[in-house]
Amino acid sequence: MLEEKIAAVQAKINEALAHRKEEKITGNTVTILAVTKNHPPEIVTEALQAGLTHIGENRVQEAMHKQEVLPPGGTWHLIGHLQTNKAKHAVEHFALIESADSAKILEHIDKAAAGLGKVQDVLLQINEAGEEQKSGFAPDDFRAVIPTLSSYPHIRVRGVMVIAQATDHVEETRPVFAAGYRDFVYLKQQLQREDVDILSMGMTHDYWIAVEEGANEIRVGSALFGARDYSLKF
Ligand SMILES: *Cc1c(COP(=O)(O)O)cnc(C)c1O
């Protein structure tokens, strides 16, 4: 039962919140983003019926298909790398783009949002572990881009997204999440806005560590919906 799985995730979140060694500026409430990628559209309906409100997809095309066949509902987050030629569709179909990972994509998102008369909420994705194959701003580039954000009037940066490295020793992710928290604090101090308020870190195999280190959004797929079906084509 999905309800039971959600309750188990929530219990583990609560435990992690209780284990925090210090108060975090990200607060004591954690949003569960239901990651529905590589599952059929009906999974989104089930998630919404079970009380989840935020839906995560990592491909624009797949999300568009699901939105087309489903009744309206849910707050959709893009969590996968965005190509510049898909910026317009992403702005049309997502409330939050979590995977803004370069100055170039910020430019394209800003232009697309201007064309659609929208102010697009985004997170800056940071590649904290410096992994070659992973997208995201290098920590130095993240700091360098902050003073330029005011040149994108149709973008509202809401915070930071971090993906930890895959590892058999989950404790190894802790320094990466701690760095994500420090970068979130820095961003908030630099921008001086109340609505810099989202720190998205942690997935099925490491979300409790992310919460201990300050995450207030976790992105969970397998823990809720089981294994993904990579043969599904959208
Ligand atoms: C797929 C994905 C997730 C969810 O992964 P699980 O391990 O199934 O929880 C979270 N974040 C991103 C960026 C993803 O691509």
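One-based numbering, in listed order, for ligands and for the atoms of each. Excluded from the calculations below are hydrogen atoms, water molecules and symmetry mates; all remaining heavy atoms, backbone and side chain alike, are included. Being a predicted model, the structure only gives us computed values, none of them experimental.
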**Study point:** Worked verdict on Glu92 versus His89 for side-chain hydrogen bond (donor to acceptor under 3.5 Å, both in side chains)
**Key:** CA-CA 5 Å; Glu92 278 172 322; His89 283 316; 3.3 Å; yes
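Annotation: salt bridge (charged side-chain N to carboxylate O under 4.0 Å, His left out) contacts of Glu42 (sequence neighbours excluded): none.
Pairs passing the side chain to side chain donor-acceptor pair (under 3.5 Å) check and including a residue from residues 218-234, sequence neighbours excluded, read Ser200-Arg219, Arg228-Tyr230, Asp229-Ser231. Listed by first and then second residue, the side chain to side chain donor-acceptor pair (under 3.5 Å) pairs involving residues 1-11 are Gln10-Asn14 (not counting sequence neighbours).
At a heavy-atom cutoff of 4.0 Å, ligand 1 is surrounded by Val35, Lys37, Ile79, Ile163, Met203, Thr204, Arg219, Val220, Gly221, Ser222, Arg228.
Between the side chains of Glu57 and Thr36, at least one donor N or O lies within less than 3.5 Å of an accepting N or O.
Asp195 and Arg158 are not joined by a salt bridge, as no carboxylate oxygen comes within less than 4.0 angstrom of a charged side-chain nitrogen.
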